[in-house]
Student: 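Have a look at this one.
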Amino acid sequence: VQLQASGGGLAQPGDSLSLSCKLSGRVAVYTAMAWFRQTPGKEREYVAVINGGGDDIRYADSVKGRFTISRVNFRRTMALQMNNLKPEDTAVYYCAARAGGELRLGLHEYNYWGRGTQVTVSS
């Protein structure tokens, strides 16, 4: 199972960026997926999660109203649209998938991880 994340980069406060994640390998299409992020010295934290059917979504309070998670199951892709970015959004972002369709928030619930992609928000 592989997760390939793309997107990210450098943005100014108030800008928008999008991340994409492609799932491949021997795993069910309708698997719950998530975006996590991590900054140096801190534990990886969840940003947004989406269940296998795409109809149950949760966001961390820090990104609610600014970020939107979505998925296209027949393409096995997931996206994170990030609007009104803030300097505190600076982190390495990871996409993750779990062996099950139910939505979960804990990082230990996720079995598969992609390599992180850096998002830097700075003026």
Student: Between the side chain of Thr117 and the main-chain N/O of Gly7, is any donor-acceptor distance below 3.5 Å?
Tutor: yes

Student: Is there any disulfide bond (SG atoms under 2.5 Å apart) pair reaching into residues 48-82, and which pairs are they, with sequence neighbours excluded?
Tutor: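 Qualifying pairs, neighbours excluded: none.
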
Student: Under the ring-ring contact (aromatic ring centres under 6.0 Å, His included) definition, can you give me all pairs with a residue in residues 70-102, not counting sequence neighbours?
Tutor: none

Student: Mind checking what makes salt bridge (charged side-chain N to carboxylate O under 4.0 Å, His left out) contact with Asp56, not counting sequence neighbours?
Tutor: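 In terms of salt bridge (charged side-chain N to carboxylate O under 4.0 Å, His left out), with neighbours along the sequence ignored, Asp56 is linked to Arg58.
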
Student: Under the salt bridge (charged side-chain N to carboxylate O under 4.0 Å, His left out) rule, collect the residues that match up with Glu102, sequence neighbours excluded.
Tutor: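 Partners of Glu102 by the salt bridge (charged side-chain N to carboxylate O under 4.0 Å, His left out) criterion, ordered by chain and then number, come out as Arg98.
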
Student: Residues in salt bridge (charged side-chain N to carboxylate O under 4.0 Å, His left out) with Arg115, at least two apart?
Tutor: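 For Arg115, no residue satisfies salt bridge (charged side-chain N to carboxylate O under 4.0 Å, His left out) once neighbours in sequence are set aside.
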
Student: Short question: side chain of Asn84, backbone of Arg66 - any donor-acceptor pair under 3.5 Å?
Tutor: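 Side chain of Asn84 to backbone of Arg66: no pair is present.
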
Student: Under the rule for salt bridge (charged side-chain N to carboxylate O under 4.0 Å, His left out), what residues qualify as partners of Lys64, not counting sequence neighbours?
Tutor: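 In terms of salt bridge (charged side-chain N to carboxylate O under 4.0 Å, His left out), with neighbours along the sequence ignored, Lys64 is linked to Asp61.
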
Student: With sequence neighbours left out, what residues match Phe36 under ring-ring contact (aromatic ring centres under 6.0 Å, His included)?
Tutor: Tyr110, Trp113

Student: Cluster partners of Leu10, using ILVMFWY side-chain heavy atoms under 4.5 angstrom, listed by chain and number?
Tutor: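 Reading the cluster by chain and number, Leu10 sits alone, since nothing else belongs.
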
Student: If the condition is side chain to side chain donor-acceptor pair (under 3.5 Å), which residues does Gln118 pass it with, not counting sequence neighbours?
Tutor: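 Gln118 satisfies side chain to side chain donor-acceptor pair (under 3.5 Å) with Thr120 once adjacent residues are dropped.
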
Student: Residues two or more places apart in sequence or in another chain: which of them pass side chain to side chain donor-acceptor pair (under 3.5 Å) with Arg76?
Tutor: none

Student: Kindly write out the residues that satisfy side chain to side chain donor-acceptor pair (under 3.5 Å) with Arg44, not counting sequence neighbours, or none if the list is empty.
Tutor: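 For Arg44, the residues satisfying side chain to side chain donor-acceptor pair (under 3.5 Å) (neighbours in sequence not counted) are Gln38.
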
Student: For Ser62, give me all partners under side chain to side chain donor-acceptor pair (under 3.5 Å), at least two apart in sequence or on another chain.
Tutor: Arg37

